[in-house]
2 protein chains.
Amino acid sequence: MVKCLYGHVMKNSSAELTHEAGTWPAPQNKRQAILNAAADVFAEQGFAGASIDAIAARAGVSRQTIYNQLGDKDNLFKVVVSEITDRSSAGFFRVLDTFPVAPQDLETELALFSAQLLRKALCDPNGRWLRKLVETEGARFPELFETWKEYGPGKKYPAIAARLAQLAHAGYLDIDDPGLAARQYMALLATDLRYDQQIGRQTPESEIDRMASDATRTFLRAFARKR
Amino acid sequence: MVKCLYGHVMKNSSAELTHEAGTWPAPQNKRQAILNAAADVFAEQGFAGASIDAIAARAGVSRQTIYNQLGDKDNLFKVVVSEITDRSSAGFFRVLDTFPVAPQDLETELALFSAQLLRKALCDPNGRWLRKLVETEGARFPELFETWKEYGPGKKYPAIAARLAQLAHAGYLDIDDPGLAARQYMALLATDLRYDQQIGRQTPESEIDRMASDATRTFLRAFARKR
DNA sequence: AACATTTTGGACACAATTGTCCAATTGGTC
DNA sequence: GACCAATTGGACAATTGTGTCCAAAATGTT
C-alpha cells in the first residue's frame, strides 16, 4: 500500500545532479524525495490529514529537513502542486505532438493517439493526484487554483480543440463547435477511468487500448464526415 | 472501533420518515440539522479537516448533542454518507421513471430526460458531495465504500443500460454494448460538469438545458439507428 | 586535514481536537 | 405544576500536530 511514486531513486545519485544548472544551493535529491513523498501523502490523506511526520518518514528524511528546504506546510503543498503541474503538463503536450493531423486511416491513428493520451496523460498518477488535490483543496489555496487552471484545463482543452478543428478543416470531421467537441472527446476518453474511479477499481493497463478504441469509435460515429 | 454501518444508528430513523422536503433548510429535528451540517463540513474540509466543533456550530447545536445522537466521528461520517446515498439514489430513480421508452420525437424527449437527470441527480449537491467524500475517504472506510458502490454506480449504470437496450430493441438505437453506451451517455452528460469542476466554476442552472441537448445530440449522432 | 554546509534527532512550547463527565437548563407531556 | 428526556455549556485529560531551537553527526569541498 505504501509506495513511493518514483520508487526509491532517492538513495544515491549524487554524482550526476550535484552541479546541475539549477539555482538551488541545496542538494536536489532529498528535495525531490520530499516532494514525491508529499504528493503521495497529500493525495491519500488530504491536506489536513497529511502530517509532516508522515511525509518525512516516507521520504526517508528528518522532519527538520522539510522545514529547512521548503518552509511550512502551506508552502510545501504549493510547491508540490506546482511541480506536479509542470510534469503533468509536459507529458500532455509531448503526446499532443503526435496528434494525427493528416491521417491515412483516421480511426486507427486517432485510436492510437487516444491510447497514448490515456497512458501518458490521463492515467498518469501525477496528473490524477494533482486533480484530486486541487479539487479537494482548491478552495483553501485560491492562487494555486488559478495556476492550475491556467496550465491545466486552460491550455489542454483549447489545444485539443485546435487539432480537431484542423481535422475538420481538412475534411475528416464534421464539427460545429470545436470546443464542445474537444470536451466531449476528452469525456469519452475518460469514460471508464471515471467509472472505475467511482467503483474504486484501478484501471488495468491492459484495458487502455480497448478504452481508446471504444472512445474513438463513438466519437467518430458522431463526428466523422459523412459522404 | 469500527462498527457496522448501520450499527447503533437506529435511534430515530424509524420514528421520522418525513424527511421528504424538497428544499434544503428547515430541518425539523436536530439530527437532520447535524447530518446536513456534517455533509457540508466534511465535503469542504475532508474527513481529517472537519472538526466536530465546526459541524456543531453550523448545525446550531452543542457538540455534546452530536456525540449523544451519533456517537464518534467515524460513525457520524458513516451515517452522513449512508443518508446521502439514500437521498441521492432515490432522486436518480425517480427521474429514471421518466425515461422515454416509446418516444415520438427521440431527440427532444431524450434531451428533456437528460436535463432532468442533470438537474435532479448529477448536479444535486448531495450527490456531488457524496462522490467527493467517497473518493477522498474511501480508502479509510472500505465497508462504506462497498455500500456506496452497491447503491451508487452499481445500480445506476445497469439501469441506464437497460433503458438504452430497450430503445435499441424497439428500433430507435443501434447499440452493440448497452453497458458501454450507458457509460458513454453518462460521460457525455457530465462533460461540462466535469470541465467546470476542473476549472472551479459552478455550473449555472441556465446552462443545464444546453448541456443536455449537446450531450443528447452527440449521443444520437453516434447511436441513432440510420435508415 | 581543515572547513563549510546539511542533516539529524530530540526537546520544546503552543494550539487544535477528540471524546467524556456532569450539573444546570430547557421543552414537552400528563 | 410535576415529571422526563433531551439539550446545553463548561471543564477535563489525552492525543496529535505544528513549527522552532540547538548541538551533534554526517556529508561534501578545498
Side-chain angles (χ1 to χ4, degrees), chain A residues 8 10-20 22-38 40-42 44-80 137 140-141, chain B residues 1-3 7-16 27-38 40-42 44-80 137 140-141:
Chain A
H8 16 58
M10 67 281 282
K11 201 47 193 176
N12 254 340
S13 52
S14 50
E16 41 174 359
L17 282 182
T18 33
H19 286 300
E20 258 283 348
T23 55
W24 305 100
Q28 292 279 334
N29 292 335
K30 309 236 171 197
R31 188 188 169 90
Q32 284 304 316
I34 292 169
L35 293 179
N36 291 334
D40 290 359
V41 179
F42 277 132
E44 280 174 18
Q45 312 282 337
F47 180 79
S51 79
I52 303 285
D53 293 277
I55 295 171
R58 192 175 302 200
V61 302
S62 77
R63 186 172 73 250
Q64 189 58 36
T65 301
I66 296 183
Y67 284 105
N68 287 344
Q69 295 232 1
L70 291 149
D72 63 11
K73 195 177 175 182
D74 274 29
N75 193 65
L76 171 60
F77 183 75
K78 291 176 192 166
V79 175
V80 166
E137 312 296 343
R140 222 192 318 273
F141 298 88
Chain B
M1 124 180 346
V2 181
K3 291 169 281 277
H8 59 77
V9 178
M10 299 314 179
K11 202 63 174 296
N12 275 342
S13 53
S14 55
E16 34 91 13
Q28 298 293 352
N29 47 14
K30 312 231 172 202
R31 189 190 166 90
Q32 283 302 318
I34 293 169
L35 293 180
N36 290 334
D40 290 2
V41 179
F42 276 132
E44 281 174 17
Q45 311 283 334
F47 180 80
S51 79
I52 303 285
D53 293 279
I55 294 170
R58 189 173 305 200
V61 301
S62 78
R63 185 174 71 249
Q64 189 57 35
T65 301
I66 296 183
Y67 284 105
N68 287 343
Q69 295 231 4
L70 293 148
D72 63 10
K73 195 178 176 182
D74 273 28
N75 193 64
L76 171 61
F77 183 76
K78 291 175 191 166
V79 175
V80 166
E137 312 296 342
R140 222 192 318 273
F141 298 88

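We use all heavy atoms of the structure for the numbers below, so side chains are in, but hydrogens, waters and symmetry mates are not. Each chain gets a letter, A, B and so on, in the order the sequences are listed, and its residues count up from 1.
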Atom CD1 of A:I66 and atom P of C:dT6 are separated, to the nearest Å, by 17 Å
Think A:T65 has a side-chain N or O under 4.0 angstrom from the OP1 or OP2 of C:dT8?
yes
Can you list everything that forms a side chain to side chain contact (heavy atoms under 4.5 Å, CB included) with B:E44? Sequence neighbours excluded, please.
B:R58
Nearest whole Å is fine: how far is D:dT27 C1' from A:N68 CG?
15 Å
Just how far, in rounded Å, is P of C:dG19 from CG of B:L70?
13 Å
Under 30°, 30 to 60°, or over 60°: which ring-plane class applies to A:F42 and A:F47, parallel, tilted or perpendicular?
parallel
Quick note, salt bridge (Lys or Arg N to Asp or Glu O under 4.0 Å) partners involving residues 63-76 of chain A, not counting sequence neighbours, are A:D53-A:R63
Quick tally for nucleotides 14-21 of chain D: nucleotides whose base has a protein heavy atom under 4.0 Å get B, sugar-phosphate-only ones S, the rest -, giving ----SBBB
Gap between atoms CD1 and C1', on B:I55 and C:dG19 respectively (whole Å)
14 Å
Ring pair (Phe, Tyr, Trp, His ring centres under 6.0 Å) with B:Y67: which residues, sequence neighbours excluded?
none
Please tell me which of the listed nucleotides, D:dT7, D:dT8, C:dT7, lies nearest to the side chain of A:K30?
C:dT7
Can you sort out the partners of B:S51 under side-chain hydrogen bond (donor to acceptor under 3.5 Å, both in side chains), two or more places apart, ordered by chain and number?
none
Among residues at least two apart in sequence or on other chains, which ones pass side chain to side chain contact (heavy atoms under 4.5 Å, CB included) with B:Q45?
A:R140, B:V41, B:A50
